Amino acid sequence: MTALDQRTLRALVRAMPKAELHLHLDGSLRVDTALDIARTRDIEAPGTFGAMRSVLVAPDQVTDQAELLAAFDLPILLMQDAEALERIAADLVEDKAHDNVRYAEVRWAPLLHTNQGLTGRQVVDAVWKGSVAAARKAETEVRLIATLMRSHAPERNLAFVRSLEKHGVPDGLVAVDLAGPEARFPDPELHREAIELARSMGLHVTVHAGEWGGGAQVLRSLSVAPERIAHGPHAIEDPACVAALVERGVVLDLCPTSNTQANIVPTYEAFPLKRLMQAGVRVTLNTDDLTVSDVTLSQEYEGAVSRLGVTVPELWDLDLAAIEYAFCDDETRGRLRDSFLAWGAGIPELFHP
Ligand SMILES: [Zn+2]
């Protein structure tokens with residue numbers, strides 16, 4: 001990093017083709033779109049840009065994960081019809097492409113968007129329709145992850161996965177996820193049946209873990225055999241957990257800004273990215289939420305170098321690793337790898353610390 005000043009670093013990470021594996025649709029609404037949807041659907045919400053923004057963007061630091069989740073209440077209220085879902089998905093893919101994110105896995109919980117009569121599957125189809133149209137236009141790739149809520153009854157999550165099974169896996173959907181208030185619903189085992197059914201349908205499995213309860217929760221989540229874990233930075237404090245992650249090759253999709261906001265780490269600088277890398281744990285860098293955390297992937301990449309001690313060549317390796325850990329098919333993976341490497345071949349800073 002000493003060779004690069006902040007401006008050069010910023011330009012470099014901005015231009016870098018990037019892959020993002022941990023990104024929530026409902027945490028990534030454009031303020032303008034939120035205002036428009038609230039107005040046209042007559043939903044009670046702030047009426048000015050500034051007031052809406054202050055509701056959609058969470059404070060720099062709150063007490064815990066449960067408090068951070070409050071920032072999702074209004075977005076979910078606004079995302080109850082197919083047109084709104086399509087539009088918000090298209091906005092996000094466009095915004096990510098603008099930040100040179102060339103591959104994004106977008107996740108959200110379909111069952112939170114059925115208040116006005118959409119089925120879970122119709123929700124998935126609407127998000128895919130918006131995503132894929134925007135992705136084609138922006139020459140980027142997008143895949144979807146359906147989140148099962150920890151707070152929903154296991155039978156509801158199972159019924160949702162069964163409904164997907166009935167008519168075949170929807171286009172674009174590559175995985176299921178488990179997320180939601182972890183302190184109140186700490187046990188992933190409750191949702192084992194839904195998760196196993198999804199796996200048997202060829203879907204990949206990821207779970208949120210360790211936003212509460214530290215390394216013990218990360219270790220606990222391994223009981224449902226996720227290929228990747230969303231978050232889990234405190235795994236580093238538990239040698240047994242580190243050993244299990246390394247041995248099984250489980251990936252942690254990390255989000256330093258979001259975890260600082262949720263007070264999972266006391267400061268951004270305390271985020272143990274470098275230590276996890278040094279311990280041999282597979283990791284990727286992500287934003288979690290474009291709007292709730294008010295951060296782009298370029299800013300997260302820049303922070304990893306300027307505040308977390310990652311070198312530029314290490315950052316490039318993290319970026320390339322995300323393609324390898326992505327839940328896309330191998331043909332797409334190969335294409336992304338080739339295009340990323342072709343870009344990187346012209347940038348000497350990526351190879352010499
Ligand atoms: Zn997340």
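Any value given below was found using the heavy atoms of this structure, including those in side chains, with hydrogens, waters and symmetry copies removed. Counting starts at 1 for both ligands and their atoms, in listed order. Bear in mind that the values here come from a model prediction, so they are computed numbers and not experimental data.
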> When you measure from the side chain of Lys18 to the backbone N and O of Ser298, does any donor-acceptor pair fall under 3.5 Å?
Replying inline: no
>> In this structure, is the centre-to-centre distance between the rings of His22 and His231 below 6.0 Å?
In response: yes
> Hey, is Arg335 close enough to Glu331 for a salt bridge, meaning N to O under 4.0 Å?
Replying inline: yes
> Mind checking whether the Zn ion (ligand 1) has an N, O or S of Cys255 under 2.8 Å?
Replying inline: no
> Does the salt bridge (charged side-chain N to carboxylate O under 4.0 Å, His left out) test come out yes or no for Arg143 and Glu105, once each step is laid out?
Replying inline: CA-CA 5 Å; Arg143 297 292 184 275; Glu105 289 179 5; over 6 Å; no
> With respect to the Zn ion (ligand 1), what is the nearest N, O or S atom of Asp288?
Replying inline: OD1
> Can you name the N/O/S atom of His208 that is nearest the Zn ion (ligand 1)?
Replying inline: NE2
